[in-house]
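Have a look at the structure below before the remarks.
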Amino acid sequence: MASTMIALASASLPASLSLRNNCKLKMKRGSFDHNALLKEKRNSFIKTKSFGRLTMVVAVNVSRFEGITMAPPDPILGVSEAFKADTNEMKLNLGVGAYRTEELQPYVLNVVKKAENLMLERGENKEYLPIEGLAAFNIVTAELLFGAANSVIQQQRVATVQGLSGTGSLRLAAALIERYFPGAKVIMSSPTWGNHKNILNDAGVPWSEYRYYDPKTVGLDFDGMISDIKAAPEGSFVLLHGCAHNPTGIDPTPEQWEKIADVIQEKNHIPFFDVAYQGFASGSLDADASSVRSFVARGMELLVAQSYSKNLGLYAERIGAINVVCSSADAAERVKSQLKRLARPMYSNPPIHGARIVANVVGNPALFSEWKAEMELMAGRIKNVRQKLYDSLSAKDKSGKDWSFILKQIGMFSFTGLNKAQSDNMTNKWHVYMTKDGRVSLAGLSSAKCEYLADAIIDSYHNVS
Amino acid sequence: MALRTGISSRILRSSSTFALRSMSSWWRNVEPAAKDPILGVTEAFLADPSPDKVNVGVGAYRDDNGKPVVLECVREAERRIAGNLNMEYLPMGGSVKMVEETLKLAYGENSNLIKDKRIAAVQALSGTGACRLFADFQKRFCPDSQIYIPVPTWANHHNIWRDAQVPQRTFHYYHLESKGLDFASMMDDIKNAPNGSFFLLHACAHNPTGVDPSEEQWREISYQFKVKGHFAFFDMAYQGFASGNPERDAKSIRIFLEDGHLIGCAQSYAKNMGLYGQRVGCLSVVCEDEKQAVAVKSQLQQIARPMYSNPPVHGALIVSTILGDPDLKKLWLKEVKAMADRIIGMRTALRENLEKLGSPLSWEHITNQIGMFCYSGLTPEQVDHLTNHFHIYMTRNGRISLAGVTTGNVGYLANAIHEVSKSA
């Protein structure tokens, strides 16, 4: 460490450096006689100072952060990084949920390009948005989610604040919960998107899980789910995926949603929806919002986080929203003001570019229609590769295992049922990158690669435990 | 709770599907938040129908017609990146290219720290986001530490470290009588703080006062920081705006680096590139070696992931396009200087106008202070008078944003200030 400092120094070092070598200069109280050392140093400073420039470059500040260890790679975003580093030509990235074309290229939607051209022509300024975000965006995003004619919108009972995509919107909601419902718990499905727990942890909100995925059926453990929601302390927040559950792809049926709503109302819980895939599940924006809308129709107060990362392909623009449906316009106004107060010390106000794109697309009837068509194409491609993957698996797997769960799952992801060791085999032997929970992103799968993937899955499932 | 259960089950039994709970909402304990003292000013200004209204509230640059400005270099960069075929997620640490260029601005083109890869740096959500990442990082890895914040400072600094749950202390900074730096008290506070304290410093163009230490004073501060083993965190939101020259404006940081301090630094492109709404900035932390820098960066990313996953791309692309192209960079430097020069011109004009009106007070501080803001010395009551009577909008601490002053309104502004202060 001392040698590093010497290398740093651009000038001569005072003799007191040797004294320093013997001390571990961490800023812990009482670890050594700091004062004696300082007296010594002060004198040498005075000597050198008279030369008009401080030549002392002995860093008194040994880094505060010396003990910091390397954080583990993010289990999801880390996958893409590992994929990039792989040089094998068969490699397949089924890690992060980012849509790819059949040629496995990223896809910028045509409506987005058109919207950006419009924006470029208009030459709008880049002034700060208000803390709650772009007003035009907030209006269209709530309408998209609830339906423009919905009473909650007509009655101004929704507090909508633009957020940093799904993550940022969830974080605002979590911070609101922490501040106004101290001690209240969020219960989330087992499994759920990995970052949900990080968000709640960093926001200081306690959480626990409710049963969701049944490995035996590779389907929904509905009884377990209902039972766990019932068992949660009254007034818990129930984190639900509005559609296209991540990571499993397993959604409740409409009847099951009704029963879930019943038990939530019974227990005075608050529904907390994460809607990251509106339009991607069925291909229809309205159909994918039906779970949220049915809860709203019951008069329930609830929270909904939205993201435009996938359905408008705006991943890196970080555009989404947090909506809080309240029982009165007055409550909505107060809640909105407090959401702003949470956002201000996080990032002051949200980025403008993505918000403008969404406002232009959703607010323009022609572009909106075009978007719906593009959405259907994207969802359609994924349905096709699901089918093809299932067909390949059924044809190649001679064991008689039923792979039809793949067809029942919905959205970008499929929960293959592979365990961690098997998932590792997928990567290490087959160069198929996926998350360790067995989730594959079908958005990253082309028709051309379905057979290869089927081979990899069959091998991992049967030959690795 | 029991009451609510009773009522809600009654509602469930009723066949109405639009059962707006007539009893209280979940959110009845939620009070309306006070308006943000800075951003609230602009809201009030926009709502004012008076044709004479003047907005010298928020620190966003305006041209001499009072209009927001998009820099030419930015427009050109946007033309070049239009039709960009890639909106894929940035890595959690943001755009590598943008961060590289940004570090050069703060640390110097030929910085050894950069060469030796000793700086842990991530793209952040402008200055606010950079400060917040650092505050959370400080809380996580130095949980017993506090932050020393100058008095006064940008109001949101308090919010940031508070929400990060880092206890705050203050140190003297602004000298009321002279409207300059209270250097002696500041040095006392530095000396009296426990060794190894964390200090928040404004690298240049202090917000809200416009009062910066001189170069010699910065050297003394740095020296004393060495003696005490303090940690210096620089918030640099106005590089280029203070003197018109970004290299000069980074002088305080360079002095600390020469002295071997391992600093932290928040940088923002909101003002100097006019990218306000794009939220582009950078947080950097100087480490002992490359290995530590890699570890620290990974931990910063770990804090960003549950806040927003990864930062927005558009603004970062603009920055890296401009700074990565020598001609565009030259254009940018020219435009930054023009903005800074216009502000310096308005300082002079405002002061001269006030003196011409025969004000009994001294207005030297208007031209002594640096950057976008002037701490006028007006009281909150005088500010209210300016707003209510003259439709002049500013924050109640008397801070005037010179960016909102134009040749068209400087006379009106001077007159109004004179009116409210002449009998003070």
Side-chain angles (χ1 to χ4, degrees), chain A residues 4 8 27 34 38 42 54 57 59-61 63-65 68-71 74 77 98 106 108 116 120 125-129 131 164 167-168 171 180 195 198-199 202 265 268 270 297-299 301 313-318 326-328 331 334-335 337-338 341 344-348 351-353, chain B residues 5 12 17-21 25-27 29-30 32-33 36 39 60 68 70 82 85-90 92 125 128-129 132 141-142 156 159-160 163 195-196 223 226-227 229 231 259-262 274-279 287-289 295-296 298-299 302 305-309 312-314:
Chain A
T4 313
L8 226 215
M27 288 311 149
H34 202 219
L38 286 183
R42 210 169 290 142
L54 283 173
V57 189
V60 173
N61 336 359
S63 173
R64 297 291 186 301
F65 309 115
I68 289 180
T69 54
M70 189 71 186
D74 183 275
L77 301 178
V108 176
E116 279 198 307
L120 203 60
N125 67 48
K126 298 182 182 317
E127 296 296 286
Y128 289 126
L129 286 178
I131 303 175
L164 291 156
T167 305
R171 179 59 176 268
Y180 288 99
N195 207 25
N198 297 333
I199 293 169
D202 276 24
Q265 279 186 301
N268 263 326
I270 307 185
R298 289 164 174 249
E301 289 184 309
L314 294 177
Y315 307 95
E317 302 293 349
R318 318 312 294 132
C326 307
S327 60
S328 69
R334 285 180 279 118
V335 168
S337 75
Q338 295 297 347
R341 212 167 128 236
R344 174 56 157 159
M346 253 192 236
Y347 49 82
S348 282
I352 190 168
H353 196 73
Chain B
T5 317
L12 278 177
T17 50
F18 287 94
L20 273 186
R21 303 222 290 271
S25 153
W26 286 107
W27 312 103
N29 291 328
V30 176
D36 183 276
L39 302 177
V70 178
L85 285 177
N86 194 338
M87 280 174 177
E88 295 292 290
Y89 291 125
L90 284 179
M92 282 180 282
L125 291 157
T128 305
R132 178 56 179 269
F141 293 99
C142 299
N156 206 25
N159 298 334
I160 291 168
D163 274 21
N195 296 334
Y223 166 83
K226 292 250 93 161
V227 169
F231 182 95
D259 289 349
H261 289 285
L262 301 173
L275 295 178
Y276 308 94
Q278 304 287 347
R279 320 310 294 129
C287 301
E288 290 173 329
D289 53 38
V296 167
S298 75
Q299 295 293 349
Q302 196 88 309
R305 172 57 158 158
M307 227 190 263
Y308 50 83
S309 280
V313 72
H314 193 75

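Residue numbers begin at 1 in each chain, while the letters A, B, ... track the order of the sequences. From a predicted model like this one, the values you see are computed outputs, not experimental measurements.
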Original post:
Between B:H314 and A:H353, what is the ring plane arrangement, given parallel below 30°, perpendicular above 60°, and tilted in between?
Top reply: parallel
**OP:** Check whether any side-chain N or O of B:E88 sits under 3.5 Å from a backbone N or O of A:A316 as a donor-acceptor pair, and report yes or no.
**Re:** no
Original post:
What part of A:N195 lies closer than 4.5 angstrom to a heavy atom of chain B: side chain, backbone, both or neither?
Top reply: side chain
Original post:
Can you find a heavy atom in the side chain of B:M307 that is under 4.5 Å from one in the side chain of A:T167?
Top reply: no
**OP:** Test B:V313 against A:R318 for side-chain contact (heavy atoms from CB on, under 4.5 Å), laying out the working first.
**Re:** CA-CA 8 Å; B:V313 72; A:R318 318 312 294 132; over 6 Å; no
Original post:
Among A:N198, A:L314, A:D202, A:V335, who wins on heavy-atom pairs under 4.5 Å with chain B?
Top reply: A:D202
**OP:** Could you grab the distance from atom CD of A:E317 to atom CD of B:Q278, nearest 0.5 Å is fine?
**Re:** 8.0 Å
Original post:
Of the backbone (N, CA, C, O) and the side chain (C-beta and beyond), which part of A:E127 lies under 4.5 Å from a heavy atom of chain B, both, or neither?
Top reply: both
Original post:
Mind checking whether A:T69 and B:Q299 have side chains closer than 4.5 Å, heavy atoms only?
Top reply: yes
Subject >> Most chain A-contacting option - heavy-atom pairs closer than 4.5 Å, from B:V70, B:L90, B:N156 >> reply: B:N156
Subject >> For B:F141, ring pair (Phe, Tyr, Trp, His ring centres under 6.0 Å) partners two or more places apart >> reply: B:F137
Original post:
If you count heavy-atom pairs under 4.5 Å with chain A, which of B:A82, B:P68, B:A60 comes out on top?
Top reply: B:P68
**OP:** Please look at A:Y128 and chain B and tell me whether the side chain, the backbone, both or neither of the residue comes under 4.5 angstrom of a heavy atom of that chain.
**Re:** both
Original post:
Could you give the distance from CE (A:M70) to CD (B:Q302), rounded to the nearest 0.5 Å?
Top reply: 10.0 Å
Subject >> Sidechain-backbone polar pair: A:R171 side chain, B:Y308 backbone, donor-acceptor under 3.5 Å >> reply: no
